[in-house]
There are 2 protein chains.
Amino acid sequence: MMQELFEKNLTHLGTPTWYSRNEEIFVEGELATGIFKIKSGCMRTATVLSDGRRHILSFYLPGEFYGLEAGRVYSVTGESVTRCKIHMFRKNALFEAADDKIAMRLLMIAASELSRAQKHSLLLLRGAKERVVGFLLDMAERQNNWQQVDLPMTRGDIANYLGLTTETVSRMFGRLEDSAAIAIERRRVTLCDLPALKEMYK
Amino acid sequence: MMQELFEKNLTHLGTPTWYSRNEEIFVEGELATGIFKIKSGCMRTATVLSDGRRHILSFYLPGEFYGLEAGRVYSVTGESVTRCKIHMFRKNALFEAADDKIAMRLLMIAASELSRAQKHSLLLLRGAKERVVGFLLDMAERQNNWQQVDLPMTRGDIANYLGLTTETVSRMFGRLEDSAAIAIERRRVTLCDLPALKEMYK
DNA sequence: CGAGCGTTTGAGGTTGCTCAACCCGAGTGG
DNA sequence: CCACTCGGGTTGAGCAACCTCAAACGCTCG
């Protein structure tokens with residue numbers, strides 16, 4: 001896999017760091033010097049509108065990358081959702097060490113970011129229940145586990161990401177549980193009726 | 001500018017084609033062999049959900065590129081919004097002709113696609129009026145004209161892209177006109193009170 | 001055991017959707 | 001030259017979905 005190769009070649013160029021909960025990892029507007037790989041825990045990216053509203057644009061789980069920007073500065077702020085370990089690669093180092101395949105690897109990372117952002121847009125074009133179901137299915141896929149999903153983030157974060165309110169997310173969870181499609185315990189969700197869920201988010 | 005360079009070097013590898021209105025340019029699921037640059041007119045990308053609903057993910061104006069995919073196949077369908085001229089580059093040809101900077105150029109295109117998709121997500125996280133205003137401001141910026149905006153697409157396409165209904169888009173246009181922020185004539189919109197508009201979409 | 005955050009639940013209000021009618025301009029054919 | 005049609009756009013009334021505000025509950029961690 002390309003990511004394995006990428007990491008193998010470049011681990012020595014990066015630095016692993018531990019963050020506790022809700023720490024800033026990089027800040028919107030800063031010179032975008034780093035590329036990040038999540039080793040454990042969960043990171044989110046968010047942007048702040050000038051009136052103070054905050055929007056979460058993405059969550060990052062172990063194994064996933066962040067860091068390719070159109071501009072020279074970060075367009076979002078990166079924050080730890082939970083205590084987490086994150087490996088940072090400096091772009092300069094990458095480019096200095098560049099063999100002729102490295103840009104291609106970066107291209108693949110950018111393309112997967114793009115695909116992620118498009119999925120998010122599609123999610124936001126739907127109704128509340130569908131958004132919640134789509135979110136659960138996406139998390140299940142990324143955790144590679146269709147039985148149970150861990151939700152490292154709060155309901156508030158989920159709601160913000162989905163363009164809903166905490167209350168609505170909670171109610172949708174409730175309704176899904178009532179219909180026996182899922183079972184909820186704290187921040188672990190069991191996908192009891194996967195076909196039904198996939199039917200809701202087709 | 002990077003795009004000039006890109007095109008200059010590679011024009012001979014591409015083929016320009018004319019499309020009439022509402023033609024398919026490439027289809028979701030097809031092997032993604034091409035990269036497209038809009039020369040005139042307007043293109044849109046859309047995806048069809050399994051229940052038949054269609055969602056427009058992006059519009060492309062003259063000078064803009066489409067074509068970098070995470071996977072080997074197109075994840076969306078490309079269609080002409082108006083009669084338009086589009087230049088297609090074959091990826092294979094690009095890679096064969098690759099000097100050591102070409103992957104970097106592709107990376108920049110991918111990054112701008114990403115930024116576009118993120119803007120779309122942010123748009124969808126807002127209320128109806130804000131979405132419409134945000135859309136107008138985005139089009140103005142991309143057309144490099146803060147006085148007047150051309151809207152090559154129908155209200156239906158705008159609504160679909162914004163996750164609203166035609167009626168709502170029409171009403172929001174009406175309300176903006178009533179408040180003297182814009183003036184509408186067919187598919188040309190004059191931005192009468194730009195500060196007010198920017199205030200609405202801050 | 002208390003404090004505080006995160007979550008759930010309920011009642012009422014607002015936004016944007018649905019359904020329906022109507023308008024307008026561009027083609028088309030008599 | 002007018003009548004008809006058709007796609008696109010606007011407008012209005014009623015309704016459903018989702019939000020707001022408010023209260024209560026339950027972990028978790030001092």
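Model, not experiment: these values are computed from the prediction. Per chain, numbering begins at 1; letters A, B, ... match sequence-line order.
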* Show the numbers, then the answer: is there a side chain to side chain contact (heavy atoms under 4.5 Å, CB included) between B:Met43 and B:Val81? => CA-CA 5 Å; B:Met43 180 177 97; B:Val81 171; 5.7 Å; no
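Here the side chain of B:Thr82 pairs no donor or acceptor atom with the backbone of B:Gly41 at under 3.5 angstrom. A donor-acceptor pair under 3.5 Å is formed between the side chain of A:Asp51 and the backbone N or O of A:Arg53. Side chain of B:His120 to main chain of B:Tyr161: a donor-acceptor pair is present (N/O by atom type, distance under 3.5 Å, no hydrogens or angles).
Using a 30° and 60° split on the angle between ring planes, B:Phe36 and B:Tyr74 fall in the tilted class, from 30° to 60°.
For the pair B:Gln118 and B:Leu114, the minimum side-chain heavy-atom distance is below 4.5 Å. No side-chain heavy atom of B:Arg131 sits under 4.5 Å from any side-chain heavy atom of B:Met172. Residues A:Arg116 and A:Arg142 meet the side-chain proximity criterion, which asks for heavy atoms closer than 4.5 Å. A 4.5 Å side-chain heavy-atom check between B:Leu162 and B:Leu123 finds at least one atom pair inside the cut-off.
Within the helix from C:dC1-D:dG30 to C:dG30-D:dC1, the inter-axis angle between the opening and closing five-pair segments is 30°, rounded to 10°.
Where DNA chain D meets chain A (any atom under 4.0 Å from a heavy atom), the bounding nucleotides read 5' to 3' are D:dC18 to D:dT28.
Counting non-hydrogen atoms under 4.0 angstrom, A:Arg131 reaches nothing in the nucleic acid.
Surrounding CZ of A:Arg175 are at most 12 heavy atoms belonging to other residues, nucleotides or ligands under 6.0 Å away.
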* Reading nucleotides 8-17 of chain C 5' to 3', which nucleotides get B (base under 4.0 Å from a protein heavy atom), which S (sugar-phosphate only), which -? -> BBBB----SS
